[in-house]
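Reminder, nothing fancy here: chain letters follow the sequence lines and each chain counts from 1.
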Amino acid sequence: MLRLRPTDVAIVACLARPESLGGVRPGPIGVRLAIAPDEVWLVGRLDQRQALMDAARSGLAGRGLVVDQTDGWWVVTASGEDRLEVIRRLMLAPIPAAAPALVQGAITGVPGKVVYESGRLHLFVPAPVGHHLMERLAAVTGDLAVQLESPAPLAFDTPGASC
Amino acid sequence: MTSFDFEGRAIPFEPGDSIATALYRARVRIFSRSFKYHRPRGMYCGTGDCPNCMMTVDGEAATRTCVTPAEPGQRVRRSTGWPSADFDFLAGLWWLRALLPVGFYYKSMIKPAGFFATVEPSIRRLAGLGDVDTAAPPTDRERRYHHPDLCVIGAGVAGLGAALAAAAAGQTVVICDEGAIGEKLPSGPVRDRATSLAVSVRSAAGITVLERGTAFGVYEGPLVPVVAADALHLVMPRRVVVATGAMDVHGAFAGNDLPGVWLGRGAALMASRGLRPAEVAVVAIDREEGLEHLAMLEAAGVKIAAVAAPAALAGRIRGGARVFAGGRIAAVGGLKRVRSAVIEVGGSRHRIACDGVVVAVGLEPRSNLARQAAAASVEVAVVGDAGRPGLSLAEAEADGRAAGSGGATTTARPDLPESPAAGFVCLCEDITVPDLDLAWHEGFQSTELLKRYSTVSMGPCQGGLCHRHLQGFVRARAPEEISSGPTTARPPARPVRLEDVAAGARYPLEYRTALHDRHLAIGGTMEWAGAWKRVERYGNVPDEYRAVRERVSVMDVSTLGKYLVAGPDATAFLEGLYPCRVADLRSHRSRYTLLLNEAGYVFDDGLVGSLGDGRYYLTFTSGGADVVESWLRDWADTWGHDVYLANQTYTLGAINLCGPKAREVLSGLAGGAVDAKAIPYGGLASVSVAGIDCLVMRVGFVGELSFELHHPRSHSVALWDALLEAGRPFGIAPHGLEALRLLRLEKAHIIVGQDTDFDSTPHKLGLDWAVKMDKPHFVGRTALERMAAIRPNRMLRGLRFPEAPADGAQLVASGQRVGYLTSSRFSPSLNLGVALGWIYDDGAGIPETVEAVDGSGRVLRGTVTHGPFYDPQGARLRA
Amino acid sequence: MLKLFRREQYLRVDTLGDRYDVVIIGGGGHGLATAYYLAAKFGVTKVAVLERAYIGSGGTGRNTTVLRANYKTPETIAFYRASYQLYATLGQDLDYNMLRSQRGLLWLAHSEPQLRNQRERALQNQQFGVNTVFLDAAQVKATCPELDMTGGGKRPILGAAYHPPGAIIRHDAVAWAYAMAAQRLGVEIHQGIEVTGLDIEGGRCRGVRTNQGPIAAGKVLSAVGGYVTDIANMAGIRLPIVTHPLQAYVTEAYKPVLDRIVASADLHIYVSQSARGEVLIGAEIDPFTSYSTRSTFPFLASCSARAIDLFPFLAKLRILRQWTGLCDMTPDYSPLMGLCEVENFLISSGWGTWGFKAIPASGLAMAELLATGQVPSLIAPFALDRFRRDRAVPERASAGTH
């Protein structure tokens, strides 16, 4: 069984020198993703967008740039016992041993990111190829019992976590 | 009783039959005709290693029938031989072989000129393993990625042992075999053990079994791709164990290619299925296993006429066969099949009548994958027969288990093969020992040259049967040559179909703006622009053009590259990056700028705008967006600048609202002032439009009053709809790329990559004004300074014509070709053809008039101009 | 015909001397052709070709065998047209059948920019006497009926530049034919000789040092590809090249199914079928620089996917062998030929993906330069110092992948 659901996510990108990023924390309203040595994302519910921007700004204390990148990504959440099949069929990078975890790499030919939680995973692809991800998900899961759910806001198992 | 169709006959088959065994049972003996001499070929190896049994199955040529399971309804036919494989007129070529020595085609058909061209079509029709079914549609398959601790290639006893040992140590394993487990083993203790191990393997957690999965390569990584019926499995293990087994050494004696000659294990396999490889056989063996072969043959009812065996084994051969201790097979006689064999022992030769010869005189590891791994610097453990051919059952399993648990294994030193005595060295390409002799004599005296000249080992088996003999041949003549080693093993180890390797890679991939569906809904025709789909037109390009020039229009320009730059060094960074001035950019002003590489050549263009708080907003062409990101980061790193770069290309959409009425439309939707004072030409402002926060930039590309509205992508549709609605009373109509090309051309605005070339400096483009040479430093400055002293040999100029010449038209002046057009369109506003083009100047200066030659038969006389054709003062876009 | 019955040694093993008028480093097509023309056209026979491995082991033996002259600038068009014409009679000139087969070359356009590019190319070629015509989609289909005009349903073919002279040839045979003909005229060819240094004194080259001792030379030519940077370093010269791998593969041999040579400017692949029946498929250079000739899986997968988009029948064909060669890419995608700062040391390099079809013209021109000291006008535009003089010869759009 595989459940797929487009997810509304707020993405706040913080760009700064590595030493300045340590203070950037989402608090209970989101999750912190280490995208690159000089880039951290605070990710949470869409309706918490402004709060995440505020948390980012206060964490950076003026020593970086905070940018709302929410609209740049299309996010799908996969859950159910077959969720890892999606990765095994679309992504070359290995599945991490423990959750929460962030893996970045190509997903069906486009730059992607996967946030793993213990019961589900969230796939991020650039917004201009969101339609492509949906088509590919349909194409590779024909042999599984798939439930396509309507868009819903993001929820994290472990808010405040970092990966 | 199930059956398949073979050349019009219904062939019954039993469970477990391959197509080949079913055909053999139905008394088919000639399985194919050889490539060059059309010699009859019969089953030989039984394990998919030789070319003899290849037929066309269900329209697919070159299918190895001995490893393809028989299935009901298959259509099988032999596609070599004319008129048929059984009666092939071209078999007469063997008698003409004196005229067809190795490389004969290089040495003949040279004169008269054109002779080869006349003959080539016939040669092409003679060549080839079979026809291609051009109507068969590709099958789409997908991929699976695997990341086990261990990948085991080959599920024989050694491979299965390796998998079990690794799993017992808690490791994850993927094990594959190109066939069903055990199907290449004759019945007996080895097969029983394999079957028993297979049960444990299938039930072990942590072991994935890919049966009928062909691992065709060991690539850097390591990456082992496995082709299976359900998908292409890409296995990326930490370790690899190669357990691909060994095959009998291909015999080297005259007549070694006749139907009826069998490799030992192939014959044993047949016998264990109750099929007799011969009625009366001569057998040559060199090891214990050979005794088992003899027993199996006899149990199947084959009469053993003679056996050549080493002295140590000779004494253990029972039955009525003549035993030749220390003997070897020297030759096999027969025309279309085996009729006799000659055994040589102690200098004397004995001819024995028979209808089959079984050869088990040496084992050759299937080393292709191991050699690929070596070439890719991937360390693999090679176990079982593949590492040390001839191991006992227990030794092979122990070998596998040792490797599986991570212990070291020993690989045999490869034995040094002898030079082949006689016969066909290469069955695939019909290369005999005399052919190699001749090639060597002609001067092709290394393994590689010999291979390329004679084509030995370049056929379907890719050296599986013959590379050993090739090695032996070269070693005997040039032992010190480095190139007497085995030739490089290249993927694939087994021939795989294009659709197999393309599995999971054939999807269409287009980048779309948020307005994609809107464009389709209103009749937009989409075209490719790099990786994006953009609107080419909505129906009538002249209408779209007029909307822009006379009223108001919108265009989706969301594909533009967009970057936010901030940080303590942002200004210094941009000053260094761009040839224009940045430091003096007032808040909320922008500038058109070029992007130069270190050679001073233009590779992109765009806008740099100041947001006033130390942040800058940069735009680039749609095509350049990806390249630009690394460009920005590389220079920031190089200069050690403290800057923050945010790529907003996908995050923001952009719509260009343009035309004489653009301001009216905008002010109706805007939550703030949008007059010329609030947003002057070259200005940018944050304005709410239809309730959507936009960065509004005054731009000039199309030559009319234009407002580029940069906004969050999620609001593109709402903004577009609002603009169209508000613009309705003004006659708004959207425009696409085709209209854009004309609009910008009337302004003589360049498109980088179309009007520019590799070495276009700003000066050659007439864009000196965009470069501030008095800046102490910017990328490309040194080169431009040096080139200021060099006269350019061509310049980009505007041209006017009475009609528009075709794109790419050549320009001629005074009888000389002096250039060509890069862009050309008819301008409705000016009633002229307008164009941009490169005009060469070899010192005499740029001509004032030229003629355009565009293949239409028209000769169009044009004048060379400077600056925009339409609204040269730029009054309209500065409104 | 009589050749078929004679048992002759065509490639001799020569004994290495210690002094020659011309030493050529690199036994590929360019070096061997230069050696041949030195002897055949200019009477210079005291020539030695030094090859590190076996003749033709580099690019000459790895390319995709296409001969064409449909370039973009007047300079390269003239050069490749000359080379094409030499290739047309090469079999008779060298008395060796290189299996040249004229098939016609289609260069497909799937987008507006490429449509424009191909139209321009056709007009440019015609202007300079090269036979290339622009075809619309219907004409393309008529010229090559096997094509899927929808581009696999993804990138429809909109038109093409069609170059009827496009031909294929047996690449190894070109090296062998030049080698044999050169040896017949007295030129020496030495395989297994590695040049380890150049003997340069006072800015003048006097010879080479090898793994078998020093060799004095009046002039030295480097006709090396792939590792030419090593040689250039020996001379203290920096060459404006970067080296990229280029991969290709063949299928098994099938009955004739494709006559044309087909290249796609948007899909960046090309396909042709040899006389033996093997279908040869390749794509663009790998995006990274490397001296490795390893074959990769991503190339095989990506190239095959695109090939099937053009020719659906390719899906069922079986891949036999993939390989990789090295391409020395120049900034403007045109070659480097001629003199450099070191006297008596010449270079023929930067052959990128445009080297094989240039062999005869490059050999003849370099031979002329070596023999007479004058730079032939045909190759003057390809001088090494052209970048410094802002006289690049931009050919990126036409270099394609082959």
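- Between chain C and the residues B:R143, B:E536, B:R741, B:R791, the largest count of heavy-atom pairs under 4.5 Å involves B:R741.
- C:R294 and B:S377 share a side-chain donor-acceptor pair at under 3.5 Å.
- Between B:F216 and C:I319 the shortest side-chain heavy-atom distance does not fall below 4.5 Å.
- Electrostatic pairing of B:K451 and C:D172 does not count as a salt bridge here, judged by no charged N lying under 4.0 Å from a carboxylate O.
- Side-chain polar atoms of B:T139 and C:K316 form a donor-acceptor pair below 3.5 angstrom.
- Look at B:E442 and C:R12 and you find no salt bridge, because none of the NZ, NE, NH1 or NH2 atoms lies under 4.0 Å from a carboxylate O.
- If you measure heavy-atom distances from B:Y105 to chain C, the contacts under 4.5 Å come from both the backbone and the side chain.
- Per-residue heavy-atom pair counts under 4.5 Å with chain C were compared for B:P491, B:P508, B:G855, and the maximum is reached by B:P491.
- Under 4.0 Å is where a charged nitrogen must lie from a carboxylate oxygen, and between C:E252 and B:R497 no such pair does.
- Remark: C:R318 does not engage B:D500 in a salt bridge, criterion side-chain N to carboxylate O under 4.0 Å.
- B:F444 has its side chain within reach of C:L11: a pair of non-hydrogen atoms, C-beta onward, lies under 4.5 Å apart.
- Between C:D390 and B:K764 there is a salt bridge, since at least one side-chain N of the basic residue sits less than 4.0 Å from a carboxylate O of the acidic one.
- When each of B:A502, B:P460, B:P495 is scored by its heavy-atom pairs under 4.5 Å with chain C, the top score falls to B:P495.
- In this structure, a donor-acceptor pair under 3.5 Å is present between the side chains of C:Y54 and B:E448.
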Handout entry: Evaluation steps, side chain to side chain donor-acceptor pair (under 3.5 Å), between B:Y106 and C:R170
Key = CA-CA 10 Å; B:Y106 298 124; C:R170 176 102 179 102; 2.6 Å; yes
